[in-house]
Amino acid sequence: MRIAALGGIVFVGLGILLVRLWFLQVISEERYAERADANRLRTIREDAPRGAIVDRQGRPIVVNRTGLSVVARAQDFQNGEHRGVLNRLALVLGVPPADLIDEIKTSVGSPVETVTLKEDVDGPTRLYLAERRRDFPGVRLQETFRRDHPLNTALAHVVGYTGPITAETLKDYRSRGYLGDETVGTSGLEAQYEKYLAGKPGEAVAEVDSTGEPRGRQLLSSTAPQQGSTLELAIDLPTQAALAAALEQRVAESGSPGGAAGVALDPNTGEVLAIASYPTYRPDAFSDGRPREVDRLLKDARRPLLNRAVGGLYPAGSAFKVVTAAA
């Protein structure tokens, strides 16, 4: 009886095991196959360059320059995993570990989403991370496109600047198909024409090992990114330069701590040939993330961020002056 009872227990145990194996390999086969592919395959998003902004003759006002950013697949670091990797990375990047952890926590961590930990890293940091990729699993260098303003401060108030998506606007951008870690237009024409200037990112699928490093150099599939459209303005750069220089000179001659603004229009078409506000600022301070310079601009009593050409309040001129001028 005892041998029969033991045999029955073994038979029942084997039955449970077989049922479980059948459930895993037949019923749940598709779900576990997807998980295996998610671990084996890595989708790498490639940023698309934003469209250029040019004047009426095609002369560049805002263009792109390439750089490298440190990015991580958020899903690999959820639930406190790889905390040691983030601590070591923080020492290399010169930032507090808590900042990197916060960046990971605020991301959704979908299979295709990456989070940018630091933008536009310098040469020595690039070489260090490239030579020690095995020491930083889940972290990689990704080519990014940064906005460059060849004219320096000219037309800063008009073209505006770019920056990361904020927490307040994250829901709105995700409803439009953004992942949330993109660089978008924050002010000026960069924000007004975001849907035209923003390109379409590309994707590459690679097979990776257990550390997240690609196995070989061959991609399983890839889609090239598409650059955003070029925005051509009615602005004429020589006229713009003359207007900006005249404003700066008149302010200097008057000795006034305040500012000035001016607009030049084509009387036949109404096109804006030049528009300037003084004092002005460097849009790169926002695009490149220079907190000290941004803080200085915000505290400047002359209010250089104010576009006086469209945002200033001035007393209206006498309507009768038209009669005097005609006479």
Side-chain angles (χ1 to χ4, degrees), residues 40-50 63-78 81-107 109 112-150 162-164 179 181-183 199 201-220 222-225 227 282-294:
R40 181 178 64 89
L41 304 179
R42 180 64 50 84
T43 301
I44 304 171
R45 191 185 53 167
E46 300 180 49
D47 289 340
R50 290 177 69 83
V63 293
N64 297 307
R65 63 177 176 84
T66 57
L68 286 178
S69 296
V70 179
V71 301
R73 188 168 177 253
Q75 194 178 53
D76 295 339
F77 294 88
Q78 295 290 352
E81 297 179 6
H82 297 91
R83 183 64 61 88
V85 175
L86 294 180
N87 291 335
R88 294 196 301 271
L89 183 63
L91 292 175
V92 177
L93 300 181
V95 298
D99 290 356
L100 301 185
I101 295 172
D102 288 342
E103 290 286 348
I104 295 294
K105 287 182 177 179
T106 54
S107 64
V112 299
E113 184 178 358
T114 59
V115 56
T116 301
L117 301 178
K118 188 169 184 179
E119 297 181 338
D120 206 20
V121 294
D122 55 26
T125 303
R126 300 176 193 173
L127 293 176
Y128 185 90
L129 293 175
E131 293 173 353
R132 296 167 174 81
R133 289 183 299 175
R134 296 285 179 179
D135 296 336
F136 301 94
V139 178
R140 63 184 176 88
L141 292 170
Q142 177 176 288
E143 185 180 50
T144 56
F145 297 93
R146 311 287 294 174
R147 293 304 247 176
D148 188 43
H149 301 80
T162 58
L179 293 179
D181 65 338
E182 295 90 345
T183 297
E203 286 187 353
V205 179
E207 189 174 11
V208 298
D209 57 22
S210 58
T211 64
E213 290 296 324
R215 299 178 61 181
R217 297 187 176 182
Q218 186 174 1
L219 298 175
L220 300 181
S222 64
T223 303
Q227 183 170 358
R282 290 174 54 87
D284 294 340
F286 294 88
S287 302
D288 296 345
R290 303 175 188 173
R292 291 185 179 180
E293 189 170 348
V294 171

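In this text the structure is predicted, and so the values were computed from the model without any measurement. No hydrogens, no waters, no symmetry mates; every other heavy atom, side chains included, goes into these values.
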### Message
Is any side-chain heavy atom of L129 closer than 4.5 Å to one of L89?
### Response
yes

### Task
Using side chain to side chain contact (heavy atoms under 4.5 Å, CB included) as the criterion, list what pairs up with P201, not counting sequence neighbours.
R45

### Query
By side-chain hydrogen bond (donor to acceptor under 3.5 Å, both in side chains), which residues pair with T125, not counting sequence neighbours?
D122

### Task
Starting at CG of L91, measure out to CG of L86 and round the result to the nearest 0.5 Å.
11.5 Å

### Message
Measuring from atom CZ of F136 to atom CG of L141, what distance do you get when rounded to the nearest 0.5 angstrom?
### Response
10.5 Å

### Task
Work out which heavy atom in P96 is nearest to a heavy atom in A90; give both atom names and the distance.
C-CB, 4.1 Å

### Task
Search all heavy atoms of R50 against all heavy atoms of Q227 and return the closest pair with its distance.
O-NE2, 3.4 Å

### Query
Can a donor-acceptor pair be found between the side chains of R147 and N64 at a distance below 3.5 Å?
yes

## Note on the structure
Here the pair of heavy atoms bringing R126 nearest to V121 is NE-O, 2.8 Å

#### Entry: side-chain hydrogen bond (donor to acceptor under 3.5 Å, both in side chains) partners for T144, two or more places apart
S69

#### Entry: Qualifying residue, where the test is side chain to side chain contact (heavy atoms under 4.5 Å, CB included) with V139 and the options are V71, V70, V92
V70

### Message
I need the T162 OG1 to R146 CZ distance, nearest 0.5 Å.
### Response
6.5 Å

